[in-house]
Amino acid sequence: MTAQEARLCGLLLREHFGEVVEKIGTHLLRSGAQNLRTIVNESGTPIDLVKKSLCVLMKHGACRFSIGRKGPGSPVEYQASCERILGILRYPRYIYTAKTLYSDTGELIIEELLQRGHMTMSSIVKMVADRLTHNMEEGRSIEYNEVVSTFSKLVETHFLQRCPPVSEVVPPVSTAPTVPGAPAAPVSTGPPTPESFSDCYLVPSVSLAGRGKRRRSGEDVVLDQGTTKKAKTDLQTHGDEGIYWQVNFERFHLHFRDQTIISAVASKLDQTSSEIVRTMLRMSEVTTTPSASCTQALSANEVFRSLPANYSISRPILDQYLTLLVDDPMEFVGKTGDSGGGMYVVNLHKALTNLARATLESVVQEKFGSRSARIFRLLLRKRHLEQKQVEDFAMIPAKEAKDMLYTLMSENLVLLQELPKTPDHAPSRTFYLYTVNQLATARMLLQHCYKAVANLIDRRLFQTKESKRLLEKSQRIEAIMASLQASGAEPEQLTEVEEMISAPEKQQLESLRHHINKLDSAENQVDETIFLLKSYVASTARITR
């Protein structure tokens with residue numbers, strides 16, 4: 001974990017869970033696996049606050065506990081997951097994807113699970129049905145069965161999965177000797193897979209009948225205080241007690257990867273080509289493992305039969321499109337055989353590699369100009385070139401090419417490799433070749449992206465803090481307005497309340513909302529780049545392993 005990742009993790013923990021959880025989370029990230037007593041002593045935090053912070057982190061999958069390194073009987077150790085904490089940045093994208101695929105019901109199911117970490121199916125169904133009913137017109141409501149149906153579809157497509165039993169969460173004891181002062185061995189924090197937990201995607205039969213209820217004013221506060229009404233609700237049994245569900249982030253990431261490839265094909269070629277690639281990815285979802293470098297081979301006949309009905313293209317036209325995709329330099333699709341009209345695969349690793357390369361080229365062009373981007377692109381394709389070759393191939397004057405190369409070298413985007421002819425490394429008898437290490441450059445750009453997101457969050461928190469008084473005043477007035485509207489107040493009363501905020505204050509609020517929206521949009525855009533680069537780095541690591 002780098003310093004930029006640690007800083008971003010701290011900001012995300014503070015924004016979502018508060019300063020105490022941030023303190024414990026960042027301490028675990030920097031210190032590795034530690035037991036409760038050590039965390040209390042080194043962080044200087046009261047033990048009850050440490051316990052509550054660890055509960056919050058574990059409920060959201062940001063922390064794992066395991067048997068102590070000294071063996072059975074030793075204190076349980078806790079370790080934070082940097083990967084899961086950084087995933088908080090992608091929460092809006094998860095929610096939007098669920099809304100796109102499964103409408104408002106799917107959106108609320110994912111949102112509730114992300115906010116609470118894990119819940120039982122019956123609790124989710126009731127909560128989502130109540131929220132949907134509250135936003136409907138008076139007299140309308142939604143049945144529990146409709147929410148159960150959407151929940152089952154999310155489980156069927158593996159976007160939701162059961163939380164594993166505690167016995168499967170605790171990893172086996174490591175017998176490797178520990179070196180004092182060395183960082184702790186990494187603990188697996190990934191979600192359970194169907195292979196490791198047989199009931200991971202088994203939906204229990206839940207006895208739920210009824211409709212969502214409209215919330216009354218102040219009802220949320222009463223329920224949170226553990227009153228008699230809350231106790232009565234908890235006494236009801238629905239047949240799924242002890243079975244908790246969580247979001248399957250890996251499945252969402254596979255969906256994001258596929259959508260990135262489909263969008264790239266659409267922008268590079270056309271919509272029909274992207275629909276063919278979408279069909280191939282959909283057909284191989286079940287048979288292709290997440291770590292595979294390419295999908296399972298599909299025949300042209302299978303692809304033709306699986307195309308959507310609204311794409312009424314003939315078989316010869318499909319063959320032409322497949323040939324076009326195979327011959328494209330981006331290598332999204334590859335041909336592996338001639339049986340069944342031709343066997344085709346989607347090259348997942350090559351697609352990610354080429355998309356990451358295009359991202360790097362775009363960054364160089366935006367920062368250093370089109371001529372520097374031309375040199376960078378040339379080195380990516382030719383691998384190793386001398387300075388005179390760079391000047392000739394890029395068709396740039398010698399002085400300008402030299403300046404651009406040295407500028408790119410100072411930013412660690414271009415490397416200089418020496419190949420001596422003799423053992424004495426004499427400059428006159430040495431070849432000096434310029435090259436680009438795409439993987440190392442992608443990792444460096446990834447750290448820049450983490451720094452950019454952290455700066456954006458810092459800026460948003462600063463602007464919110466500067467206008468805290470005005471925001472609180474606006475929220476109070478909005479609450480008063482909502483209360484008056486619910487009680488059927490006169491228009492004159494509503495107008496009088498609205499005038500409690502002056503025109504300059506309204507203008508300041510509008511400007512603040514505009515800036516915060518821009519910062520949020522920038523965060524999401526940078527996160528898309530982070531996802532692409534991380535996918536490429538992870539795919540390359542699997543290939544070279």
Side-chain angles (χ1 to χ4, degrees), residues 4 7-23 25-26 56 85-97 99-100 104 107-108 110-112 114-115 131 134-135 215-221 224 366-367 448-530:
Q4 296 301 337
R7 178 190 171 208
L8 180 54
C9 286
L11 287 170
L12 291 170
L13 289 175
R14 185 201 309 171
E15 186 176 15
H16 288 265
F17 306 116
E19 294 181 358
V20 179
V21 177
E22 175 208 1
K23 184 178 180 181
T26 51
V56 170
I85 296 172
L86 291 175
I88 297 174
L89 187 65
R90 210 162 286 141
Y91 279 8
R93 197 173 177 189
Y94 298 141
I95 296 171
Y96 179 74
T97 300
K99 180 181 178 68
T100 304
D104 293 341
E107 173 193 8
L108 292 182
I110 297 299
E111 183 181 339
E112 291 293 341
L114 290 175
Q115 286 182 348
R131 285 185 62 181
H134 184 73
N135 294 326
R215 288 198 309 267
R216 294 189 294 274
S217 177
E219 185 174 327
D220 291 339
V221 178
D224 287 340
E366 290 295 324
K367 191 171 183 180
H448 290 336
C449 290
Y450 289 140
K451 182 178 181 180
V453 174
N455 290 342
L456 289 168
I457 294 175
D458 262 338
R459 182 63 186 173
R460 188 179 72 245
L461 294 176
F462 172 77
Q463 288 197 337
T464 305
K465 185 178 180 181
E466 287 288 302
S467 306
K468 184 178 179 181
R469 183 196 61 81
L470 185 58
L471 288 171
E472 289 176 349
K473 180 180 178 181
S474 173
Q475 289 172 356
R476 286 196 303 270
I477 291 174
E478 288 176 359
I480 294 171
M481 290 278 293
S483 178
L484 290 174
Q485 288 174 349
S487 60
E490 297 292 331
E492 292 78 8
Q493 289 178 294
L494 299 176
T495 305
E496 185 179 348
V497 173
E498 284 181 352
E499 291 174 352
M500 292 172 65
I501 296 185
S502 62
E505 287 178 331
K506 288 182 179 178
Q507 186 176 1
Q508 187 179 349
L509 273 173
E510 187 63 31
S511 176
L512 177 64
R513 292 192 180 105
H514 176 69
H515 287 142
I516 289 179
N517 287 338
K518 287 182 68 176
L519 291 171
D520 288 339
S521 176
E523 281 181 39
N524 293 331
Q525 290 175 356
V526 177
D527 179 62
E528 291 181 8
T529 303
I530 290 175

Side-chain donor-acceptor pairs under 3.5 Å in residues 511-519, sequence neighbours left out?
{"unit_1": "His515", "atom_1": "ND1", "unit_2": "Ser511", "atom_2": "O", "d": "3.2"}
{"unit_1": "Asn517", "atom_1": "ND2", "unit_2": "Arg513", "atom_2": "O", "d": "3.1"}

Which donor-acceptor pairs under 3.5 Å do side chains of residues 450-459 form with protein atoms, sequence neighbours excluded?
{"unit_1": "Asn455", "atom_1": "OD1", "unit_2": "Arg7", "atom_2": "NH1", "d": "3.1"}
{"unit_1": "Asn455", "atom_1": "OD1", "unit_2": "Arg7", "atom_2": "NH2", "d": "2.8"}
{"unit_1": "Asn455", "atom_1": "ND2", "unit_2": "Lys451", "atom_2": "O", "d": "3.4"}
{"unit_1": "Asp458", "atom_1": "OD2", "unit_2": "Arg7", "atom_2": "NH2", "d": "2.8"}

Run the side chain to side chain contact (heavy atoms under 4.5 Å, CB included) test on Lys465 and Lys468 for me, step by step, so that the C-alpha distance in whole Å, both residues' side-chain angles and the decisive distance to 0.1 Å come before the verdict.
CA-CA 5 Å; Lys465 185 178 180 181; Lys468 184 178 179 181; 5.5 Å; no

Do Gln463 and Arg460 pass the side chain to side chain contact (heavy atoms under 4.5 Å, CB included) test, and can you show the C-alpha distance, the side-chain angles, and the key distance before you say yes or no?
CA-CA 5 Å; Gln463 288 197 337; Arg460 188 179 72 245; 6.0 Å; no

Before giving the answer on side chain to side chain contact (heavy atoms under 4.5 Å, CB included), spell out for Arg131 and Glu112 the whole-Å C-alpha distance, their side-chain angles and the decisive distance to 0.1 Å.
CA-CA 11 Å; Arg131 285 185 62 181; Glu112 291 293 341; 2.6 Å; yes

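When all heavy atoms are compared, the tightest approach of Val526 to Cys449 is CG1-O, 3.7 Å. Across every non-hydrogen atom of Tyr94 and Leu114, the tightest pair is CB-CD1, 4.1 Å.
Taken to the nearest 0.5 Å, the NZ atom of Lys506 stands 12.0 Å off from the CG atom of Leu470. Separating the NZ atom in Lys23 from the CG atom in Leu13 is a distance of 14.0 Å, to the nearest 0.5 Å. Between the CZ atom in Arg90 and the CD atom in Glu528 there is a gap of 10.0 Å [rounded to 0.5 Å]. Here Ile88 contributes atom CD1 and Phe17 contributes atom CZ; the two are 4.5 Å apart, rounded to the nearest 0.5 Å. In this structure, CG in Asp527 is found 4.5 Å from CG in Leu89, a value given to the nearest 0.5 Å. Distance check: Leu461 CG to Arg14 CZ gives 6.5 Å after rounding to the nearest 0.5 Å.
Residues Met500 and Arg476 fail the side-chain proximity criterion, which asks for heavy atoms closer than 4.5 Å.
Residues forming a side chain to side chain donor-acceptor pair (under 3.5 Å) with Gln4 (at least two apart in sequence, or on another chain): none.
In terms of modelled atom types and a separation under 3.5 Å, the side chain of Thr97 and the main chain of Arg93 share a donor-acceptor contact.
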